Amino acid sequence: MAFRVALTFDAEHPDRPTQPGVAESILATLEEAGLRATFFIQGRWVEAEPGTAKQIAAAGHLVGNHSHYHARMPLFRPDGLLADVRAAEAVIREVIGVDPRPWFRCPFGAGHDDPAIVDALAGLGYREVGWDVVPLDWERPAEAVEASVVDGVCAFGDGAVVLLHSWPASTGAALPRIVRRLTESGATFVGVDELERLPATADA
C-alpha cells in the first residue's frame, strides 16, 4: 500500500563528539535514491559549513529555519527571539540563496506549544513543524535508528514526519537501509511542503 513519508534533518552543530562527513553521506544517499527531504538549518551551522549548506539547496531539498544559536526558544525574551530567528534567516538567504519561510523547527521542540512563541513565529512568516516519528538518532546505534524509523512510519501510515539529524554517525549509517526498507514497503518520500497535515506538537 502506497504512503508518503517526510524525512526531516535538523542540520546543526552537534552537541557531542561525532565523526566528520556525516551530512555529506546523508546527501549522497538521498541523491543516489533520487529522494527529496527537508532540512531545518541552524544559522551558525551555515556559517561554519557553507559548502555543505549550499549542497542541500542545490540538490533540491526543502530548507527551513532552525534558529541561529540553537537555544531553547522559551529562554529568549521577545526581542531576542525575533533577533535569533531573523539572524538565521539572513544567513540562510545570504549563503544558500533561498528563503526558509514558512518552515521553522524549534530547537529541542521547546516552545512549540507556547502561544506567544507560535504567534511570534507567525509574525515573521513561519509555522512551526514538529514530528511524528522520533528515533532518538543522537543516542542510539544505527540498527536501533533503522528499526525505530521503519516501524514508526509503518505504524503511523500516510504523511509521517520523521525527525533525524545531520550529524550522528548512526543516522548516516542507517539511512540507506531506512530508504530501502520503506521503499519496499510502498513509501514515497516528500518534503513537508507536499503534505496537507503537519504535526504541530513535538514530544522528544
Side-chain angles (χ1 to χ4, degrees), residues 2-14 18-66 88 91-105 129 131-138 140-150 152-154 158-195 198:
F3 58 93
R4 297 167 298 170
V5 55
L7 298 178
T8 71
F9 299 87
D10 289 0
E12 63 203 25
H13 288 297
T18 187
Q19 66 187 44
V22 175
E24 290 78 6
S25 73
I26 288 171
L27 289 170
T29 297
L30 295 173
E31 181 179 9
E32 182 177 356
L35 305 184
R36 181 172 183 259
T38 302
F39 285 79
F40 291 95
I41 301 180
Q42 179 196 2
R44 289 186 64 248
W45 180 84
V46 174
E47 294 175 331
E49 303 288 346
T52 305
K54 290 177 182 178
Q55 288 180 38
I56 291 171
H61 300 297
L62 183 65
V63 172
N65 189 329
H66 194 41
V91 171
I92 291 170
R93 284 174 174 269
E94 178 181 356
V95 175
I96 306 179
V98 299
D99 186 348
R101 295 176 298 176
W103 317 109
F104 188 89
R105 175 168 284 162
V129 181
W131 51 79
D132 303 302
V133 178
V134 51
L136 305 179
D137 59 338
W138 61 89
R140 288 178 172 173
E143 294 78 9
V145 173
E146 173 192 350
S148 180
V149 172
V150 174
V153 168
C154 291
D158 183 57
V161 176
V162 181
L163 169 66
L164 294 164
H165 295 79
S166 68
W167 53 267
S170 58
T171 306
L175 187 60
R177 296 192 296 271
I178 290 171
V179 169
R180 176 180 57 80
R181 290 181 60 188
L182 287 177
T183 300
E184 291 173 349
S185 297
T188 299
F189 296 86
V190 299
V192 298
D193 59 339
E194 300 174 75
L195 297 176
L198 289 176

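Being a predicted model, the structure only gives us computed values, none of them experimental. Every heavy atom of this structure was used, including side-chain atoms; hydrogens, water molecules and symmetry mates were not.
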Checklist line | Approximate separation, where rounding is to 0.5 Å, of Arg93 CZ and Asp99 CG | finding: 3.5 Å

Note to self: Between Gln42 and His66, is there a side-chain donor-acceptor contact under 3.5 Å, judged purely by atom types and distance?
What the structure shows: no

Notebook entry, point to check: Taking all non-hydrogen atoms of both residues, which atom of Ala169 and which atom of Val22 are closest, and how far apart?
Noted result: CA-CG2, 3.9 Å

Next item on the list: Evaluate whether atom CD of Glu94 has more than 12 neighbouring non-hydrogen atoms of other residues, nucleotides or ligands under 6.0 angstrom away.
Entry: no

Notebook entry, point to check: Which atom names give the shortest non-hydrogen contact between Val162 and Pro135, and what distance separates them?
Noted result: CG1-CD, 4.5 Å

Notebook entry, point to check: Counting distance only, does the side-chain N/O of Arg36 pair as donor-acceptor with the main-chain N or O of Gly60 below 3.5 Å?
Noted result: yes

Checklist line | Carboxylate-amine/guanidinium proximity below 4.0 Å for Arg44 and Glu12 | finding: no

Notebook entry, point to check: Are the side chains of Arg140 and Ser148 in touch, meaning some heavy atoms are under 4.5 Å apart?
Noted result: yes

Next item on the list: Any chance you could measure Glu47, atom CD, to His13, atom NE2, to the nearest 0.5 Å?
Entry: 7.5 Å

Checklist line | Flag side-chain contact, heavy atom, 4.5 Å: Ile26 against Thr171 | finding: yes

Next item on the list: For Arg180, enumerate each residue passing the salt bridge (charged side-chain N to carboxylate O under 4.0 Å, His left out) test, keeping only those at least two apart in sequence or located in another chain.
Entry: Glu184

Check: Where do Val91 and Gly43 come nearest, in terms of heavy atoms and distance?
Finding: CG1-O, 3.6 Å

Item checked: Side-chain touch Asp10/Leu164, heavy atoms, less than 4.5 angstrom -> no

Check: In a check of side-chain hydrogen bond (donor to acceptor under 3.5 Å, both in side chains) between Thr8 and each of His165, Arg105, His61, which one passes?
Finding: Arg105

Next item on the list: Indicate yes or no: at least one non-hydrogen side-chain atom of Phe104 is less than 4.5 angstrom from one of Val129.
Entry: no

Next item on the list: Go through Glu146 and Leu175 one step at a time and tell me if the side-chain contact (heavy atoms from CB on, under 4.5 Å) criterion holds.
Entry: CA-CA 7 Å; Glu146 173 192 350; Leu175 187 60; over 6 Å; no

Next item on the list: Check whether any side-chain heavy atom of Leu35 sits under 4.5 Å from a side-chain heavy atom of Thr183, and report yes or no.
Entry: no

Notebook entry, point to check: Would a distance-only check, ignoring hydrogens and angles, find a side-chain to backbone donor-acceptor pair under 3.5 Å from Thr38 to Val192?
Noted result: yes

Check: Can you check whether Leu163 reaches Val133 side chain to side chain, under 4.5 Å on heavy atoms?
Finding: no

Next item on the list: State whether the side chain of Ser166 and the backbone N or O of Ala23 hold a donor-acceptor pair below 3.5 Å, judged by distance alone.
Entry: no

Next item on the list: For the pair Asp193 and Trp103, evaluate side-chain contact (heavy atoms from CB on, under 4.5 Å) and give the outcome as yes or no after the intermediate values.
Entry: CA-CA 9 Å; Asp193 59 339; Trp103 317 109; 3.4 Å; yes

Notebook entry, point to check: Around Glu31, counting heavy atoms of other residues, nucleotides and ligands shown, do more than 12 lie under 6.0 Å from its CD?
Noted result: no

Margin query: Within the 4.5 Å heavy-atom criterion, are Phe189 and Leu7 side-chain neighbours or not?
Written below: yes

Next item on the list: Could you check whether the rings of Phe9 and Phe39 sit parallel, tilted or perpendicular, using 30° and 60° as the cut-offs?
Entry: parallel

Check: Counting N and O atoms only, with roles assigned by atom type, does the side chain of Thr18 sit under 3.5 Å from a partner on the main chain of Trp167, one being a donor and the other an acceptor?
Finding: yes

Note to self: Please evaluate residues Leu27 and Thr52 with respect to the criterion side-chain contact (heavy atoms from CB on, under 4.5 Å), reporting the C-alpha separation (whole Å), side-chain torsions for both, the decisive distance (0.1 Å), and the verdict.
What the structure shows: CA-CA 9 Å; Leu27 289 170; Thr52 305; 4.1 Å; yes

Notebook entry, point to check: Quick one: does Ile96's side chain get under 4.5 Å of Ile56's, heavy atoms only?
Noted result: no

Note to self: side-chain contact (heavy atoms from CB on, under 4.5 Å) for Val161 and Val5? Distances and angles first, verdict last.
What the structure shows: CA-CA 6 Å; Val161 176; Val5 55; over 6 Å; no

Next item on the list: Quick one: closest heavy-atom pair of Asp137 and Ser170, and the distance?
Entry: O-OG, 2.9 Å

Next item on the list: Determine yes or no for a side-chain-to-main-chain donor-acceptor pair under 3.5 angstrom, with Asn65 supplying the side chain and Arg101 the backbone.
Entry: no

Notebook entry, point to check: For Arg181, does its backbone N or O pair with a side-chain atom of Ser185 as donor and acceptor, under 3.5 Å?
Noted result: yes

